[in-house]
Amino acid sequence: MGSIVDPRGQAAFELGSKRITWDIISNIWQPKTNPSGFLSIGMAENTLLHDTLLKYIRDNFRPSAELLTYNNGSMGSNKPHHVLMANGCFSAIEQLSWTFLKPGEAVLLGQPYYSTRIAYLTLRPEAVVVPVEMGIIDTLSPEAVGEYEKAAMRFEERTGKRVRAVMLSNPHNPLGRCLPHATIDGLMSLCQARKMHLISDEIYVLSVWHNRVDRGPSSVPFESVLSIDTIDLIDPSVVHVLWGMSKDFGANGLRVGAIISQSSPALHTAQKCLSLYSFVSGLSDQITASIFQNDAVTDRYIKSNQTKLSECHEFITQLLDKHGIEYSHGCNAGFFVWVNLGQKYREAHPGEDDESLTFTDIILQRLLDNRVYSAHGTAYGSEHPG
């Protein structure tokens, strides 16, 4: 097999050779049709209301021949002018990175983080992700703002390149919590002072639920960056929000995402060109529109989804408690439980080295050997083994 000479192609090859996600997806366990497949507990997919959503689509969606054309263009059907559509939030993230950062310039990403986000920020835009180490500081707390500033200063002093953006996950993936108001305020002020963009991925905004069992700190309610008065905090033209159908509506396969940028007309003009690479399917666009046009159905769906997510969290955390497995508390959003399997593994294998992250790979491989796929903390920027 010939090597890939171009550095960009080589970078993609190296990332692709380490990514088993697509191999897992193409071989998912089904009790009757694929009993030897993998049981996946490592992907953020929400299947709880698939039957409900499919029934609504079948009963209400009437596609026209127009949807087989270019429809209203590459950025989706007509909508408010401050909303930019893309074929999923991954494409939206890549577009923002390409637009705001020159090759070699950086975006700050607090640890832990959603692992795949790094590829979309860096691979084709050739930007750099600077992981922000937190040590013992809660990554969502106001105290974390100072760590972002330190990371930016260190990168710029070391490379001579600029840090151009901070990227947030709110609600947070993988911690399943929401950012406090004071943290958002602090990051806005930091971005204003350092002339950085603030990109807030809010794809789990409607998947915030009541934590029925938690003994930890009180859960923080969700607050969008768009709901905060930016006067004396930040220039609103550098504030951008991402959302899509993948998570709140359990529709990863529709590939519908949005950039909400209310005060940056230049960005919207630039996207007229870039959107050619992220063309939204007319069929997906109109399925999404048909759902949102029915307020009663949408409200019922969101409420039911939140209830079911709360029930699922209660179920899994009770199992973890029963088996003495440590997990992070305070969760009230998304589909995540941040679990420390390393502690349990150390108890069962006391003679093995537990001072490095290598045993995380051992745990992952043993799960795979038993046809179970789980995301692991090393890939998500965990600062602590297990």
Under 6.0 Å between the ring centres of F279 and Y70? yes
Is the shortest side-chain N to carboxylate O distance from K344 to E347 below 4.0 Å? yes
Determine the minimum heavy-atom distance between G282 and N71, stating which atoms define it. CA-ND2, 4.0 Å
In the single-linkage hydrophobic clustering (I, L, V, M, F, W, Y; side-chain heavy atoms under 4.5 Å), do L364 and Y380 co-cluster? no
N34 side chain to I28 main-chain N or O, any donor-acceptor pair under 3.5 Å? yes
Tell me, do Y373 and I20 make a side-chain contact under 4.5 Å, heavy atoms counted? yes
For A86, is there any backbone N or O sitting under 3.5 Å from a side-chain donor or acceptor partner on Q271? no
Side-chain heavy-atom pair Y277, Q95 within 4.5 angstrom cut-off: no
Kindly give the heavy-atom pair with the smallest separation between H313 and C331, and that separation in Å. NE2-CB, 3.9 Å
Working to the nearest 0.5 angstrom, can you tell me the gap between I234 CD1 and S189 OG? 8.0 Å
Treating Ile, Leu, Val, Met, Phe, Trp and Tyr as nodes and any side-chain heavy-atom pair under 4.5 angstrom as an edge, say whether V220 and L168 lie in one connected cluster. no
With sequence neighbours excluded, what pairs up with E311 under the salt bridge (charged side-chain N to carboxylate O under 4.0 Å, His left out) test? R212
Side-chain touch Y120/C89, heavy atoms, less than 4.5 angstrom: no
L254 vs S246 side-chain heavy atoms within contact, under 4.5 Å: no
Between H268 and H81, is any pair of side-chain heavy atoms under 4.5 Å apart? no
Using atom types as modelled and distance alone, determine if a side-chain donor or acceptor of T183 lies under 3.5 Å from a backbone N or O of L140. yes
Within residues 266-295 or reaching into it, pairs that qualify as salt bridge (charged side-chain N to carboxylate O under 4.0 Å, His left out) - sequence neighbours excluded: none
Taking the side chain from R255 and the backbone from N252, do they hold a donor-acceptor pair closer than 3.5 Å? yes
Mind listing the closest non-hydrogen atom pair of V130 and A106 along with its distance? CG2-CB, 3.6 Å
Under 3.5 Å, side chain of T69 to main-chain N/O of A65, donor-acceptor pair present? no
For the side chain of N170 and the backbone of L179, is there at least one donor-acceptor N/O pair under 3.5 Å apart? yes
Is any side-chain heavy atom of V297 closer than 4.5 Å to a side-chain heavy atom of I291? no
Between K102 and K161, is a side chain to side chain contact (heavy atoms under 4.5 Å, CB included) present by the stated rule, with each step listed? CA-CA 9 Å; K102 299 176 184 176; K161 300 280 190 178; over 6 Å; no
Check: K303 main-chain N/O paired with T307 side-chain donor or acceptor under 3.5 Å: yes
Please give me the minimum heavy-atom distance between A144 and T139, naming the atom from each residue. CB-O, 3.5 Å
Under 4.5 Å between any side-chain heavy atoms of V205 and S224, yes or no? no
H329 and Y327: aromatic ring centres closer than 6.0 Å? yes
So does L206 get a backbone contact from the side chain of Q306, meaning a donor-acceptor N/O pair under 3.5 Å? yes
Shortest non-hydrogen pair, R62 vs R58, comes out as NH1-O, 3.4 Å
Under 3.5 Å: donor-acceptor pair, side chain of D214, backbone of G330: yes
Rounding to 0.5 Å, atoms OG (S374) and CD1 (I363) come to a distance of 9.5 Å
Does F335 form a side chain to side chain contact (heavy atoms under 4.5 Å, CB included) with S207? I'd like the steps, not just the answer. CA-CA 8 Å; F335 324 143; S207 298; 4.0 Å; yes
Are the aromatic rings of Y204 and F336 close, with centres under 6.0 Å apart? yes
Is there a side-chain hydrogen bond (donor to acceptor under 3.5 Å, both in side chains) between N173 and S169? Walk through the geometry before answering. CA-CA 6 Å; N173 175 359; S169 179; 5.6 Å; no
Does D138 have any salt bridge (charged side-chain N to carboxylate O under 4.0 Å, His left out) partners at least two apart in sequence or in another chain, and if so, which? R177
Quick check: is I118 connected to W98 through a chain of hydrophobic side chains (ILVMFWY, heavy atoms under 4.5 Å apart)? no
Step by step, work out the side-chain hydrogen bond (donor to acceptor under 3.5 Å, both in side chains) result for N60 and N294. CA-CA 10 Å; N60 295 276; N294 192 322; 5.3 Å; no
Can you tell whether the side chains of R194 and E156 come within less than 4.0 Å, N to carboxylate O? yes
Assess the residue pair K308 and N46 against the criterion (side chain to side chain contact (heavy atoms under 4.5 Å, CB included)); give the C-alpha distance rounded to whole Å, side-chain angles, the decisive distance to 0.1 Å, and a yes or no. CA-CA 10 Å; K308 288 181 177 292; N46 179 3; over 6 Å; no
Should Y113 and P131 count as side-chain neighbours, where that means a heavy-atom distance under 4.5 Å? yes
Taking a hydrophobic cluster as the set of Ile, Leu, Val, Met, Phe, Trp and Tyr residues connected by side-chain heavy atoms closer than 4.5 Å, whether directly or through intermediates, do V241 and M196 fall within one such cluster? yes
How far apart are the closest heavy atoms of L175 and H172, and which atoms are they? N-ND1, 3.1 Å
H197 ring center near H240 ring center (under 6.0 Å): yes
Donor-acceptor pair, Q192 side chain versus D235 backbone, under 3.5 Å? yes
Determine, using the 4.5 Å side-chain heavy-atom cutoff (strictly less than), whether L320 and V372 are members of one ILVMFWY cluster. yes
